[in-house]
Amino acid sequence: MGEERSEIVFFDVETSVPTRAGQGFALLEFGAILVCPRTLTELRDYSTLVRPANLSVITPLSERCNGINAAAVSAAPTFADIAHLVYDLLHGRIWAGHNIIRFDCVRIRDAFAEINQPPPEPKGTIDSLVLLTQKFGRRAGDMKMATLATYFGLGRQTHRSLDDVRMNLEVLKYCATVLFLESSLPDIFTANSWVSPNATTRSRSNGKSPSQWGLLNINKDSVLSSPATESKDKNRPIISFALSSPKGNVSNIADPNMDQSDPFNLSTLEAEIKRESIKSDVALEEKPMQESTDLASSSSVSQPCSSSIAVLEPDGICIPSIDASLVPSFRGSQRIELLHEGFLFQLHCTDLKVRFGINSKFFDSAGRPRLSFVVDPSPSLCNVLDACDRVAQKLTVDSGSSSDWRPVVIRKEGFFNYPTVRLHIPTAVVADIAIYATEIYQRESSGTVQRLLFSKFDAAELGSLFMPGTFVDAVFSLDPYDYQQNAGIKLVAKKLIIHSK
C-alpha cells in the first residue's frame, strides 16, 4: 500500500438477484478504471463477464436488472480465473464507486472468500452515494446513479459495469463543479435555485410522490413536522387545523412573507437531528447483541449513512433491495437497521382497516400503557414485511442471538385465517408530561384533514377513534428489537390519518 499506488480505482459489479431466502448474490460482471487523482484522467480500464458456478441463478428477474443472461456468461471466465487481476487492480489503492460500501465491496470480499483467497484491501474508500447525499443534498431526488445522470443530462444508465463506472466519474465531476460554483457566491447560488425539473422522488407507486401526502424525504424529524393552530370548537378534546387541499393532503402552512429555510442545508439537517430530545419507548430497552466474528455478508456490514429516510409505499419496494445492517447502539451494543437500496426507509400505507382497536394491557417502566392496534395488511405489505423479517432474523442469528423470533405479520390457523399486523403508538415525555409521539390526524368526509392534539394522555379517549372497521392511512418505521429472549420487528406509527365515517 505504498505511495506508488496512489491511483483511484472506480469499480462496479453486476450480480444475480436473489429470489429466495438464503440465496446469495452471484458475480456476473466486474468493471474498473484507474484514475489519476490529480487530473481525473483515465489511466487504464478492465472489464469482464464472470461465469457463476450455477447458471440457474440468472433468473428472468436478474436479467431484467442488468441484461446479462446465462448465454452471455456461459463462455466467460470464472471468478477464480480473474481473481489475480481483480486483486492487482484493487489492492492498496483508493476504492471509489456508487454505493460500494454496502454492496460492491461486500460482493468482492464474498467472491474471494468463496475461492478461499484473501481479499484485496483498500488504502481508502470513497462511496459517492454517501458523499453526494451529504454534500450535494436531495436536489437530485433519490440519489441513484440513474437519477443523477438524468439530472445532469448524461443519458440512461445501462447497468453494465464499465459504463456505470464512467458515468459515476462524470456525475462526480458535475456535482463538484456545481458545489464549487455555489461556494463562490453562497448568498446568490442557493441549493433551491439549482433544483432540476428532472429530479425524481423515491416513491414509485402510482406516480405519487411523498410530498403529495405532506411528507419530505429528508429525515425523521422533518418528515413529521406540521404547524397547528388552535380550534374554536370547545366540545372536542383536540386542537385542530383545516387545510384547503381538496384531496385532504396534509401540508405545511407558512407565512409567505417569511424567509423559508433551505431544505438542502446540511447544517439545518444536523440541527434538526440534535433537537430530537424526546425519549420515546420505541426501542424497548434493547438487549445488547453479541458481535459476530464474521461480518462479511451483505446484511451485516455496518457503515455510516446519511440521515435521509425514504418514505415508500409497499408497491414501490424492490424486495431484493431490502437489506439489514448492524449499527452501534448505546453502551457499546449494536442494533439492526433495515434498509432499502442502502437507505433507511419508512412505509406509507393507505386504507388500512382496523381489526382490533387500541390495546393498553402492557405498560412501560414508568407505568404508562404501551398503546397499539391491529390492522389488516395488503398482500404487497405482507410481502415487504416478510422480506424484512427474513433479513433481520438472519442478521440477528448471525450476530449470536438465541432469542425467539416473532414474525411481524401475524398469521393464525383457523377459519378466520387472515394476516394482521400491529401498529404501535409510542409515548414520549416532554417536560415530564406524557404525550403521544405519533402525529394523529382526522380526515373528514369533505376531504379536509385536521391535526388532533390531545389535552391529556388518555388511552380510552384514543381508543374511541380507532374502532374496529375504521380505516386509517399510516406512515410507520420498522424497528428491529431483541429484548428478554424475544426478537422481531416493531412497527412504530409516525403519522396516522383516521378516516371519518
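Values below: all heavy atoms of this structure, side chains included; hydrogens, waters and symmetry mates excluded.
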- prompt: Would you say H159's side chain and G67's backbone share a donor-acceptor pair under 3.5 angstrom?
  reply: no
message: As a quick check of understanding, evaluate ring-ring contact (aromatic ring centres under 6.0 Å, His included) for Y151 and Y174, giving each step before the final call.
response: CA-CA 10 Å; Y151 181 88; Y174 276 82; 9.6 Å; no
query: Can you tell me how far the CG atom of L385 sits from the SG atom of C382, to the nearest 0.5 Å?
result: 6.5 Å
message: Applying the side chain to side chain contact (heavy atoms under 4.5 Å, CB included) criterion to F476, which one of T438, L423, V492, L496 satisfies it?
response: L423
query: Of the options L395, D479, V391, which is the one that meets L338 in a side chain to side chain contact (heavy atoms under 4.5 Å, CB included)?
result: V391
- request: Give the C-alpha distance, both sets of side-chain angles, the deciding distance and a yes or no for side-chain contact (heavy atoms from CB on, under 4.5 Å) between L148 and M167.
  value: CA-CA 9 Å; L148 286 161; M167 179 171 280; over 6 Å; no
query: Would a 4.5 Å heavy-atom cut-off, applied to side chains only, mark E7 and K123 as touching?
result: no
- request: Return the set of residues passing side chain to side chain contact (heavy atoms under 4.5 Å, CB included) with S47 (not counting sequence neighbours), or none when no residue passes.
  value: L162
Side-chain heavy atoms of E182 within contact of V178, under 4.5 Å: yes
message: For the CD atom of E341 and the OG atom of S321, what is their distance to the nearest 0.5 Å?
response: 4.5 Å
field: Positive for salt bridge (charged side-chain N to carboxylate O under 4.0 Å, His left out) with D473, one of K494, K353, K495, R443
entry: R443
Shortest non-hydrogen separation from S74 to R51 and the atoms involved: O-CD, 3.2 Å
- request: Go through Q450 and L452 one step at a time and tell me if the side-chain contact (heavy atoms from CB on, under 4.5 Å) criterion holds.
  value: CA-CA 6 Å; Q450 59 183 8; L452 308 183; 4.2 Å; yes
query: Any side-chain heavy-atom pair from F11 and D104 closer than 4.5 angstrom?
result: yes
query: Say you draw a straight line from OG of S378 to CG of D351; how long is it, rounded to the nearest 0.5 Å?
result: 10.0 Å
query: Which residue pairs satisfy the ring pair (Phe, Tyr, Trp, His ring centres under 6.0 Å) criterion with at least one member in residues 45-69, sequence neighbours excluded?
result: none
- prompt: Pairs in or reaching into residues 58-75: which pass salt bridge (Lys or Arg N to Asp or Glu O under 4.0 Å), with residues at least two apart or in two chains?
  reply: none
- request: Can you measure from CG (L352) to CG (L381) and round to the nearest 0.5 angstrom?
  value: 7.0 Å
Shortest non-hydrogen contact from S62 toward S16: OG-CA, 3.2 Å
Separation of N66 CG from Q157 CD (nearest 0.5 Å): 10.5 Å
message: I'd like to know whether I8 forms a side-chain contact (heavy atoms from CB on, under 4.5 Å) with W95, so could you lay out the CA-CA distance, the side-chain angles of the two residues, the decisive distance to 0.1 Å, and finally the verdict.
response: CA-CA 6 Å; I8 301 174; W95 295 4; over 6 Å; no
- request: Look at the side chain of T396 and the backbone N and O of A392, then say whether any donor-acceptor pair between them is shorter than 3.5 Å.
  value: yes
- prompt: Heavy atoms, side chains only, cut-off 4.5 Å: are L344 and L339 in contact?
  reply: yes
query: What pairs with S128 under side chain to side chain donor-acceptor pair (under 3.5 Å), at least two apart in sequence or on another chain?
result: H98, N168
- prompt: Is there a side-chain contact between Q346 and H348 (heavy atoms, below 4.5 Å)?
  reply: no
query: Just how far is it from atom CG of L131 to atom OG1 of T125, taken to the nearest 0.5 Å?
result: 12.5 Å
statement: Contacts satisfying salt bridge (Lys or Arg N to Asp or Glu O under 4.0 Å) that involve residues 151-161 (not counting sequence neighbours) are E29-R160
With sequence neighbours excluded, residues passing ring pair (Phe, Tyr, Trp, His ring centres under 6.0 Å) with F112: F79
- prompt: Is any side-chain heavy atom of L312 closer than 4.5 Å to a side-chain heavy atom of I317?
  reply: yes
message: Please verify the inter-ring angle class for F136 with F152; under 30° counts as parallel, over 60° as perpendicular, anything in between as tilted.
response: tilted
message: Test of understanding: with side chain to side chain donor-acceptor pair (under 3.5 Å), list the residues that count as partners of D127, not counting sequence neighbours.
response: none
message: Under 4.0 Å between a side-chain nitrogen and a carboxylate oxygen: does that hold for R107 and D110?
response: yes
message: Closer than 4.0 angstrom, basic N to acidic O: yes or no for D386 and R390?
response: no
query: If you take all heavy atoms of A493 and P426, which pair is closest and at what distance?
result: O-CD, 3.7 Å
task: Indicate yes or no for a side-chain donor-acceptor contact from R5 to the backbone of H91 under 3.5 Å, with no hydrogens or angles considered.
output: yes
- request: Under the ring pair (Phe, Tyr, Trp, His ring centres under 6.0 Å) rule, collect the residues that match up with F10, sequence neighbours excluded.
  value: none
task: For the pair N69 (side chain) and A72 (backbone), establish whether a donor and an acceptor sit closer than 3.5 Å, ignoring hydrogens and angles.
output: yes
- request: State, yes or no, whether a side-chain contact exists between N54 and S56 at a heavy-atom distance under 4.5 Å.
  value: yes
query: Taking only residues two or more places apart in sequence or in another chain, which ones pass ring pair (Phe, Tyr, Trp, His ring centres under 6.0 Å) with F30?
result: none
task: Provide the closest heavy-atom pair for A32 versus V9 in the form atom of the first, atom of the second, distance.
output: CB-CG2, 3.9 Å
- line: The side chain to side chain contact (heavy atoms under 4.5 Å, CB included) partners of T41 (sequence neighbours excluded) come to C36, T39, L43
- request: Please name the pair of heavy atoms, one in C65 and one in V17, separated by the smallest distance, quoted to 0.1 Å.
  value: SG-CG2, 3.7 Å
Over all atoms of both residues, closest heavy-atom pair of N383 and I319: O-CD1, 3.8 Å
field: pair K490-H424: side-chain heavy atoms closer than 4.5 Å
entry: yes
What donor-acceptor contacts under 3.5 angstrom involve side-chain atoms of residues 81-89, with partners at least two apart or in another chain?
{"residue": "D81", "atom": "OD2", "partner": "T78", "partner atom": "N", "Å": "3.0"}
{"residue": "D81", "atom": "OD2", "partner": "T78", "partner atom": "OG1", "Å": "3.0"}
{"residue": "H84", "atom": "ND1", "partner": "D81", "partner atom": "O", "Å": "3.4"}

message: Name the residue from V409, I336, L478, V421 that meets the side chain to side chain contact (heavy atoms under 4.5 Å, CB included) definition with I489.
response: L478
- request: Please identify each residue that fulfils side chain to side chain donor-acceptor pair (under 3.5 Å) with E42, with sequence neighbours left out.
  value: R166
